[in-house]
Protein chains: 2
Amino acid sequence: MTVYSKKKSQDSMDVISVAIVEDNHDIRTAMELLINGSEGYACIGTFNNAETALEQIPHLLPNVALMDFNLPGGMNGIECIARLKAEFPDMQFMMLTVYEDDDKIFQALEAGASGYILKKTSPGELLEAIRDLHEGGSPMSSQIARRVVAYFQKQAKPNPALEALTSREKEILDQLSKGFLYKEIASNLYISIETVRRHVHNIYEKLHVRSRTDAVNKYYNR
Amino acid sequence: MTVYSKKKSQDSMDVISVAIVEDNHDIRTAMELLINGSEGYACIGTFNNAETALEQIPHLLPNVALMDFNLPGGMNGIECIARLKAEFPDMQFMMLTVYEDDDKIFQALEAGASGYILKKTSPGELLEAIRDLHEGGSPMSSQIARRVVAYFQKQAKPNPALEALTSREKEILDQLSKGFLYKEIASNLYISIETVRRHVHNIYEKLHVRSRTDAVNKYYNR
DNA sequence: ACTTACTTAACACGAAAATGTGATTATTCG
DNA sequence: CGAATAATCACATTTTCGTGTTAAGTAAGT
């Protein structure tokens with residue numbers, strides 16, 4: 001579990017205000033004590049459920065909010081982050097959980113969490129991660145980072161079926177994907193609409209689809 | 001905050017073989033000396049350009065390749081990674097550069113780099129990053145991680161125009177995006193095809209589009 | 001010189017989609 | 001309780017799309 005921090009930031013030692021949303025009493029109290037016992041950090045609020053947090057945090061306006069995933073009641077930490085982030089885009093959220101699976105990670109990041117660390121993280125590293133987050137970093141273990149990177153790489157590689165298309169066909173497909181009518185494509189590429197039809201037909205055959213939408217979906221790897 | 005689990009390689013101290021692709025002679029030699037001088041690491045090849053690396057690395061098969069961005073000759077480090085990764089998916093690539101801008105980062109990750117660290121990284125951290133990479137992590141500074149996360153979040157936020165759609169309309173749009181015919185949508189949702197037609201019509205009006213493809217493009221925020 | 005593949009083009013037919021207009025139930029909300 | 005919104009169904013017309021078939025000119029490679 002390594003977090004490389006760009007700068008250790010002893011310079012501007014302004015106090016970072018922190019809120020904690022965590023249902024487990026022991027963990028919550030331990031974190032509160034840790035944060036309040038460390039210079040440069042202040043825990044200004046703790047909550048054991050999302051609903052209360054959602055109500056109080058807008059008044060407290062902490063710099064950083066630590067969020068557990070599982071919370072009692074109808075709302076989980078992800079949803080709680082999403083709502084708060086929508087209203088306070090500058091507030092920084094750190095997901096603090098035991099889950100390491102892709103779904104949870106991506107959901108959290110999409111909801112607006114910028115940091116994602118595991119509960120087994122040491123007190124020292126937690127403090128460092130909080131500061132890191134506050135200063136514009138995205139603290140996460142390199143294991144977590146790998147998941148995110150893998151997602152990137154998966155997204156990047158195009159459907160190999162597209163390679164079977166000729167350059168002209170790719171051009172046509174690109175026009176199709178942009179929603180142009182056949183006659184528009186024909187006029188854009190200075191060819192007859194019948195030729196467009198033929199190309200489209202060949203494209204559909206090669207991609208094994210029977211409609212524009214399916215072809216475009218393959219084009220975008222969905 | 002209980003368990004302290006430092007993922008140092010306590011288990012098998014197998015030697016990690018490393019190749020270096022870097023045109024600057026001083027940096028290259030310094031890294032080579034660092035790696036060969038450290039237990040558990042072996043530098044089995046160094047190259048000052050992409051072409052030679054592309055030719056030799058397939059014979060050396062290092063565990064990890066450190067890649068500079070700027071290289072003399074026609075090929076840069078990104079392209080070099082892309083080609084090698086395509087042939088050797090298990091080989092791990094670390095981008096080692098001075099650039100911190102989004103484009104370079106994303107390009108490197110898409111090409112297949114799993115680690116991305118800056119040249120100013122300390123020798124100790126470099127070694128740690130190499131081992132980390134070899135063990136399945138994605139070492140990167142939290143600043144770099146933030147860029148990646150930001151990309152995620154940007155991708156996530158849906159087109160606000162979609163909010164104007166009713167839940168039923170969103171449901172229809174989702175079916176449209178999957179390429180279903182009207183009659184298939186009708187049967188999937190247990191409604192008449194005429195109702196589907198009507199919903200589609202309303203959707204198009206709200207999204208200001210005139211075709212399925214345009215609607216789907218808006219749905220996917222394109 | 002002879003394939004093979006790509007691009008271009010035309011015509012016809014039926015299926016599907018888009019447009020326009022109208023109308024009947026639920027549901028929600030002040 | 002009314003009013004607004006959402007969801008449902010219907011019919012007619014026009015346009016676009018998908019498919020089948022045929023074929024000529026070009027470029028690349030054996």
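Quick note: numbers below take in every heavy atom, side chains included, and nothing from hydrogens, waters or symmetry partners. Here is how names work: the chains are called A, B, and so on, in the same order as the sequence lines, proteins then strands, and each is numbered from 1.
- A:Tyr116 does not carry A:Arg147 over the face of its six-membered ring by the limits of under 6.0 Å from the centre and within 45° of the normal.
- Rounded to 10°, the angle separating the first-five-pair axis and the last-five-pair axis of the helix from C:dA1-D:dT30 to C:dG30-D:dC1 equals 60°.
- Put simply, A:Thr195 has no side-chain N or O that comes within less than 4.0 Å of OP1 or OP2 on C:dA10.
- Between A:Leu71 and A:Asn76, the shortest heavy-atom distance links the atoms CD1-C, 4.1 Å.
- B:Arg168 places its CZ atom 15 Å from the P atom of C:dT28, with the value rounded to the nearest Å.
- The distance between atom CD1 of A:Ile185 and atom P of C:dA9, rounded to the nearest whole Å, is 14 Å.
- The distance between the ring centers of B:Phe106 and B:Tyr151 falls below 6.0 angstrom.
- Looking at residues 211-222 of chain A, you'll see A:Ser211, A:Arg212 sit with a heavy atom under 4.0 Å from some atom of DNA chain D.
- The salt bridge (Lys or Arg N to Asp or Glu O under 4.0 Å) pairs that include a residue from residues 174-198 of chain B are B:Asp174-B:Lys178, B:Glu194-B:Arg197, where partners are two or more places apart or lie in different chains.
- With rounding to whole Å, B:Arg198 atom CZ is found 8 Å from C:dT21 atom C1'.
- Legend: salt bridge (Lys or Arg N to Asp or Glu O under 4.0 Å) pairs involving residues 45-74 of chain B, not counting sequence neighbours, sorted by first then second residue: B:Asp68-B:Lys119.
- Heavy atoms only, all atoms of each residue included: A:Ile203 and A:Leu165 are closest at CA-CD2, 4.3 Å.
- Legend: salt bridge (Lys or Arg N to Asp or Glu O under 4.0 Å) pairs involving residues 205-217 of chain B, not counting sequence neighbours, sorted by first then second residue: B:Glu169-B:Lys206.
- Where DNA chain D meets chain B (any atom under 4.0 Å from a heavy atom), the bounding nucleotides read 5' to 3' are D:dA6 to D:dC11.
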Using atom names, set out every protein N or O paired with an N or O of nucleotides 3-5 of chain C below 3.5 Å, distance rounded to 0.1 Å.
none

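- Rounded to whole Å, atom C1' of C:dA18 lies 9 Å from atom CZ of B:Arg197.
- Minimum heavy-atom separation, A:Ala129 to A:Pro139: O-CG, 3.4 Å.
- Separation of atoms CD (A:Glu87) and CD1 (A:Ile57) is listed at 11.0 Å; rounding is to 0.5 Å.
- A straight line from CD1 of B:Ile193 to C1' of C:dA18 spans 12 Å, rounded to a whole angstrom.
- Remark: the backbone N or O of B:His25 is not paired with any side-chain donor or acceptor of B:Asn48 at under 3.5 angstrom.
- Of all heavy-atom pairs spanning A:Cys43 and A:Ile35, the tightest one is N-CG2, 3.5 Å.
- Under a 3.5 Å cut-off, the side chain of A:Ser138 and the backbone N or O of A:Ser114 do form a donor-acceptor pair.
- The salt bridge (charged side-chain N to carboxylate O under 4.0 Å, His left out) check on B:Asp23 picks up nothing, with sequence neighbours excluded.
- When all heavy atoms of B:Tyr219 and B:Leu162 are compared, the pair lying nearest together is O-CD1, 3.8 Å.
- Summarising the geometry of B:Leu109 relative to B:Ala113, their closest heavy-atom pair is CD2-O, 3.4 Å, with the distance given to 0.1 Å.
- Every salt bridge (charged side-chain N to carboxylate O under 4.0 Å, His left out) that A:Glu79 has, sequence neighbours left out, goes to A:Arg83.
- Contacts with DNA chain D (heavy atom under 4.0 Å) in residues 201-210 of chain A: A:His201, A:Tyr204, A:Arg210, listed by number.
- Applying the ring pair (Phe, Tyr, Trp, His ring centres under 6.0 Å) definition to pairs two or more places apart or across chains, those involving residues 44-80 of chain A are A:Phe69-A:Tyr99.
- Within the model, atoms CZ of A:Arg131 and CD1 of A:Ile16 stand 3.5 Å from one another, a figure rounded to the nearest 0.5 Å.
- Near DNA chain D, defined here as any heavy-atom distance below 4.0 Å, there are no residues from residues 170-182 of chain B.
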